[in-house]
2 protein chains.
Amino acid sequence: MSTTRWLDDDEMGAWLNLAQILMAMPAALDRQLREDTGIPHAYYQILATLSAADNRCLRMTELARAVGTTPSRLSHAVASLQQRGWLERRACPSDKRGQLACLTDAGMAVLEAAAPGHVAEVRRLIFDHLTPEDVARLRAVTAKLLPALQP
Amino acid sequence: MSTTRWLDDDEMGAWLNLAQILMAMPAALDRQLREDTGIPHAYYQILATLSAADNRCLRMTELARAVGTTPSRLSHAVASLQQRGWLERRACPSDKRGQLACLTDAGMAVLEAAAPGHVAEVRRLIFDHLTPEDVARLRAVTAKLLPALQP
DNA sequence: CCGAGGATGTTGAAACATCAACAACTGCGG
DNA sequence: CCGCAGTTGTTGATGTTTCAACATCCTCGG
């Protein structure tokens, strides 16, 4: 039982900023996407990740890791997206436990229609306010944070 | 109607990293706090913000802005925390519409008990992986992003 | 070959967030 | 003083996430 090492001023400042971003940024992204597509940002990311995959299909586990979500969350999300006809499940040929999530043509169409508005919102919320150096630093710092989040 | 300006490589890299963090970081923070206190991170932030305020009281609107949340979300959260006896509502003396959220002694005790574990988790997830320069850059970049999130 | 333990996904209930609608109040212009 | 527009905060319905429990299948040591 050691005594707590508290945050210094710089750390606290960074943390307060980051905490507010963690609160408000997903909400802002959700708002825009829901208006244009009816689905939240987490669902959009699933479609977007699938669209870039081989044959527009991914194993559930890989998809979960790529998007940064949990199996349960993904399972519910895929069920909802499947019901809209935007993706479908297939059995995994090599592993009978596995499930493949595959983007349908309808899902691809929704994605393509929503992409411009989404990119514009990402620019408005993030990149419009950053210099190229800021972007490079943001990329570097976030890259250092990711490993601790995926155990 | 202009043609979309897509993200370049550096922007896309930063965005993919950030998107994953926006997904997984709140989940990770929630996990730890829920185990120790039974409340999610968003609720903890409310208590923490109140603890630093004058008289441990804040107007709902100010509290919402400080935490980066919406009035509705805050209203539900405060109701839940009130039921646990960790804060209470009072009428605002200067404005009959207003409500003050005030941290109770019980709420303060919970906060103090949870703080060390929470700080340790924040260190484990974030600051353990960053140099002091990284922290300063993170603080600067996040500061640039906040204004666009609070309208 | 077989059985234990790990991996993969799903399910249902409870907690939390979002949205739209609303009630109550303020303050300002006429 | 009146009334109307804007502010403040709540509520309930709906959608999403979390957690725990579970079913199924793979792998590997014995």
Side-chain angles (χ1 to χ4, degrees), chain A residues 22-46 57-84 87-102 151, chain B residues 22-46 57-84 87-102 151:
Chain A
L22 290 176
M23 283 291 195
M25 184 78 78
L29 292 166
D30 277 3
R31 226 181 349 263
Q32 182 268 327
L33 275 174
R34 284 188 115 117
E35 217 164 282
D36 288 8
T37 69
I39 60 173
H41 180 237
Y43 288 26
Y44 179 92
Q45 272 190 290
I46 292 171
C57 283
L58 276 179
R59 221 49 205 254
M60 296 295 280
T61 302
E62 298 175 58
L63 185 50
R65 207 172 32 73
V67 177
T69 193
T70 62
S72 173
R73 195 183 182 183
L74 180 60
S75 204
H76 285 293
V78 163
S80 168
L81 289 170
Q82 185 180 25
Q83 211 163 12
R84 295 166 207 248
L87 57 73
E88 55 188 12
R89 301 186 212 226
R90 294 187 198 147
C92 177
S94 63
D95 186 337
K96 283 180 190 164
R97 297 168 301 181
Q99 288 281 104
L100 297 181
C102 301
Chain B
L22 290 176
M23 284 291 195
M25 183 80 76
L29 291 166
D30 276 2
R31 225 180 352 262
Q32 182 267 328
L33 276 174
R34 284 187 116 116
E35 219 164 280
D36 289 7
T37 70
I39 61 173
H41 179 237
Y43 288 28
Y44 179 93
Q45 272 189 291
I46 292 171
C57 284
L58 277 179
R59 208 64 196 259
M60 297 295 280
T61 302
E62 299 176 57
L63 184 51
R65 208 171 31 73
V67 177
T69 192
T70 63
S72 173
R73 193 182 184 183
L74 180 61
S75 204
H76 285 294
V78 163
S80 168
L81 290 170
Q82 185 179 24
Q83 211 164 14
R84 296 166 208 247
L87 58 74
E88 54 188 13
R89 301 187 211 224
R90 294 186 198 148
C92 177
S94 62
D95 187 338
K96 283 179 189 166
R97 295 168 301 181
Q99 287 282 104
L100 298 181
C102 302

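What you see is a predicted model, and the numbers here were worked out from it, not measured in a lab.
Taking both residues in full, the closest heavy atoms of B:G68 and A:A24 are given as O-CB, 3.8 Å, listed atom of the first, atom of the second, then distance. In terms of heavy-atom proximity, A:C92 sits nearest to A:L100 at CA-CG, 4.2 Å. Between A:A42 and A:R73, the closest heavy-atom pair is CB-NH2, 4.5 Å. The nearest pair of heavy atoms linking A:D95 to A:R59 is OD2-NH2, 3.3 Å.
Distance B:L81 CG to C:dA17 P: 10 Å, rounded to the nearest Å. Going from atom CG of B:L100 over to atom P of D:dT8 covers 14 Å, rounded to whole Å. In this structure, the CG atom of B:D95 is 13 Å from the P atom of D:dT10, given to the nearest Å. At whole-Å resolution of the value, CG in B:L29 and P in D:dT18 are 12 Å apart. Rounded to an integer number of Å, the gap from CE of A:M23 to C1' of C:dC16 is 12 Å. For the pair B:R73 CZ and D:dT16 P, the interatomic distance rounds to 16 Å; values are reported in whole Å. For B:I39 and C:dA15, the CD1 to C1' distance is 13 Å, given to the nearest whole Å. Per the geometry, CZ belonging to B:R31 stands 9 Å off P belonging to D:dT18, to the nearest Å.
Between B:M60 and B:A27, the residue anchored nearer the 5' end of DNA chain D, judged by the nucleotide with its closest heavy atom, is B:M60. Mapping A:C92 and A:D30 onto DNA chain C by nearest heavy atom places A:C92 closer to the 5' end of the strand. Position along DNA chain D of the nearest nucleotide to A:S80 versus B:P71 favours B:P71 as the more 5'-ward residue. Nearest-nucleotide positions on DNA chain C for B:K96 and B:P40 put B:P40 closer to the 5' end.
The phosphate of C:dT10 has OP1 or OP2 within less than 4.0 Å of a side-chain N or O from A:Q99. For A:R89, a side-chain nitrogen or oxygen approaches OP1 or OP2 of C:dT10 to under 4.0 Å. For A:R34, a side-chain nitrogen or oxygen approaches OP1 or OP2 of D:dT16 to under 4.0 Å.
For the atom pair B:M60 CE and B:R97 CZ, the distance stands at 14.0 Å (nearest 0.5 Å). A:M23 contributes atom CE, which lies 10.0 Å from atom OG1 of B:T70 (distance to the nearest 0.5 angstrom).
As judged by a 4.0 angstrom heavy-atom cut-off over every strand, B:R65 is placed among residues making no nucleic acid contact. Contact annotation for A:A77: no contact, since no heavy-atom pair falls under 4.0 Å across all strands. Residue contacts for B:A79: at a heavy-atom cut-off of 4.0 Å it reaches no nucleic acid atom on any strand shown.
One can find a donor-acceptor pair under 3.5 Å joining the base of D:dT7 and the side-chain atoms of B:R97. One can find a donor-acceptor pair under 3.5 Å joining the base of D:dT18 and the side-chain atoms of A:H76. No hydrogens or angles were tested; on distance alone, a donor-acceptor pair under 3.5 Å links the side chain of B:S72 to the base of D:dT11.
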